[in-house]
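So the structure is just underneath, and the comments pick up after that.
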Amino acid sequence: MFVLNRVLFAGSIIVPESTSLTACHFSAVHRLTCPKRNSPYSSVDSERYSSLVKSVMSSRVSSQTPETLQAEDDHVYGPVVKAQTPSRTEQRLPKTLHPFINSERTVETEEPEAGPPARILLNRGKSRPFFPSVTRILQQTLSPEQIFYLERWKRRMIAELGEEGFKEYSQNIFKQGKLFHSALEDILTSADTWRNKTLSETLQCPPEAQGYMQSISHVLEDVSAVRAIESSVQHGSLNYLGIVDCVARYRGVLCVIDWKTSEKPKPFLSNTYDNPVQIAAYAGALNNDGNYKYQVENGLIVVAYKDGSPAHAHQINSELMSEYWKTWLIRLEDYREQRSSASSSTSPEK
């Protein structure tokens, strides 16, 4: 016998310290001589199985190539309809690239002489030819996707408000926008006074416009040298017209400014949809209108919110304006093609 000074493991038995045992009690033979389990594959004739596999793999009848597999799939399931790999389509360009800038005029780099902003009224006399407006052209040339989302929004609003409710909602939106533009016009024409006073001291805005005016108050601080307000512009060569909200300097850069209202935030320029194209169309018309002796290469879209939250001001530099001008020329071409097709289809046959 002998005394163990540490814990020993004999099979699954734990022997504590200072335990007296005879050496004959320890044996690992039981674990090492356990009967081996029979494998379910032990009865398989390995030689015969091996020869069977070799015969199958080497047989010309059973082996298939990618071509035979494709033929078999076509026979069982029909031919595979493969999706076309999306190809990078070339950007569409206008058929005629009319210049955005009038080469006969120079772009102003200095502040203009002091004077009241221009406001040229739109004249649609009987003796004048009919020119479509920028708004009309853009509405008539909406993409199918734009029409889909616009119609879906309209159906959703009618389902929520009803026909009469939606009509009243639309009228209120139009009224609020008109009051907002009117209050803004009063402020911009009295720029010498509103710069040194608070908004409430300068003008008593209608309640419907107060939130919008508060929203754009920080933008107005950067507006100076107002050149035109609610003034009509006309492109003599391309035969379209429009009314610009404002032409002024924003942070020292002369811009065509468009004031918009929205119930939803529009923090990115892409959220303004066709508004950049509209701005480019107005600027291109102004640059080719004899009533204006200067050129405008930049644009600004200001989105005001009824709850008074800070407006988003989206600047459009000259490079972007040139791209949106190309888009406008394409929309103008589409509009004319639509008009030509409509007139030809309604003309009496000879």
Side-chain angles (χ1 to χ4, degrees), residues 99-125 127-129 131-137 177-195 202-203 209 213 216 219-260 275-302 304 313 315-316 318 321 324-325 328:
F100 175 63
I101 295 295
N102 190 337
S103 59
E104 298 179 358
R105 303 179 193 170
T106 58
V107 179
E108 288 188 359
T109 57
E110 299 179 356
E111 293 289 339
E113 296 181 0
R119 182 170 184 175
I120 301 173
L121 300 179
L122 183 62
N123 185 2
R124 285 188 179 272
S127 59
R128 298 174 64 88
F131 287 167
S133 68
V134 173
T135 303
R136 179 184 181 88
I137 294 170
K178 190 173 182 179
L179 290 173
F180 166 59
H181 279 80
S182 178
L184 183 59
E185 180 183 345
D186 290 342
I187 285 184
L188 292 176
T189 53
S190 58
D192 292 338
T193 59
W194 65 261
R195 282 188 178 282
T202 304
L203 183 67
M213 298 306 300
I216 66 169
V219 178
L220 291 176
E221 294 176 357
D222 294 320
V223 175
S224 63
V226 181
R227 302 297 305 271
I229 295 178
E230 295 291 333
S231 190
S232 66
V233 292
Q234 180 174 312
H235 200 297
S237 301
L238 296 177
N239 299 334
Y240 72 87
L241 52 79
I243 299 178
V244 297
D245 285 350
C246 179
V247 179
R249 292 189 180 273
Y250 176 72
R251 297 179 178 176
V253 179
L254 190 64
C255 301
V256 171
I257 304 176
D258 207 18
W259 309 95
K260 300 292 184 182
N275 294 151
V277 183
Q278 184 181 28
I279 286 284
Y282 288 156
L286 184 147
N287 293 338
N288 290 271
D289 191 325
N291 293 313
Y292 304 91
K293 306 304 180 184
Y294 52 89
Q295 300 278 277
V296 183
E297 294 183 285
N298 300 269
L300 177 70
I301 299 173
V302 182
Q315 287 185 272
I316 309 175
S318 57
M321 287 284 277
Y324 286 120
W325 172 250
W328 163 249

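Source: prediction; values computed, not measured. The first residue in the sequence is number 1, and the count goes up from there.
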request  = Please confirm whether the backbone N or O of I229 pairs with a side-chain atom of D245, one donor and one acceptor, at under 3.5 Å?
outcome  = no
key: E230 side chain to I243 backbone, donor-acceptor under 3.5 Å   = no
ask   = Minimum heavy-atom separation for I101 to V296, with atom names?
value = CD1-O, 4.2 Å
message = Would you compute the distance between atom CH2 of W325 and atom CG of N287 and round it to the nearest 0.5 angstrom?
response = 8.0 Å
request  = Just jot down the side chain to side chain donor-acceptor pair (under 3.5 Å) partners of Y292, sequence neighbours excluded, or say none.
outcome  = S231
ask   = Are the side chains of I137 and W328 in touch, meaning some heavy atoms are under 4.5 Å apart?
value = yes
inquiry  = The test is side-chain contact (heavy atoms from CB on, under 4.5 Å); show your working for L254 and V247 and say whether it passes.
reply    = CA-CA 7 Å; L254 190 64; V247 179; 4.1 Å; yes
request  = Sequence neighbours left out, what passes side-chain contact (heavy atoms from CB on, under 4.5 Å) with A285? Give chain and number order.
outcome  = V233, H235, Y240
task = Output the distance between atom CG (N239) and atom CZ (F131), rounded to the nearest 0.5 Å.
result = 4.0 Å
ask   = Within a strict 4.5 Å, meaning less than it, do heavy atoms of the V302 and D258 side chains meet?
value = no
inquiry  = Do L300 and V253 have side chains that approach each other closer than 4.5 Å (heavy atoms only, starting at C-beta)?
reply    = no
key: All salt bridge (charged side-chain N to carboxylate O under 4.0 Å, His left out) counterparts of E185, not counting sequence neighbours   = R119
Euclidean distance, R227 CZ relative to Y294 OH, rounded to 0.5 Å = 5.0 Å
key: L179 CG to H181 NE2 distance, which is reported to the nearest 0.5 Å   = 11.5 Å
key: Counterpart residues, side chain to side chain donor-acceptor pair (under 3.5 Å), relative to N298 (two or more places apart)   = none
ask   = At what distance, to the nearest 0.5 angstrom, does CG of L122 lie from OG of S133?
value = 9.0 Å
ask   = Any idea which heavy atoms bring A248 and S224 closest together, and the distance?
value = CB-O, 3.5 Å
remark   = Sorted by chain and residue number, the salt bridge (charged side-chain N to carboxylate O under 4.0 Å, His left out) partners of R136 (sequence neighbours excluded) come out as none
task = To the nearest 0.5 Å, tell me how far M213 CE sits from F180 CZ.
result = 6.0 Å
task = Give the minimum heavy-atom separation between A313 and V219, together with the two atoms involved.
result = CB-CG2, 4.3 Å
Donor-acceptor list for residues 276-284 side chains, cut-off 3.5 Å, not counting sequence neighbours:
residue : atom : partner : partner atom : Å
Q278    : OE1  : K260    : NZ           : 3.2
Q278    : NE2  : Y282    : OH           : 3.0

message = Please find the pair of heavy atoms, one from F100 and one from N288, that lie closest to each other, and give the distance.
response = O-ND2, 4.0 Å
query = For S232 and D289, which heavy atoms make the closest approach, and how far apart are they?
reply = O-OD2, 4.2 Å
ask   = Side chains of R249 and V223: closer than 4.5 Å at any heavy-atom pair?
value = no
query = Please walk me through it: do L220 and L184 pass side-chain contact (heavy atoms from CB on, under 4.5 Å)?
reply = CA-CA 10 Å; L220 291 176; L184 183 59; 3.9 Å; yes
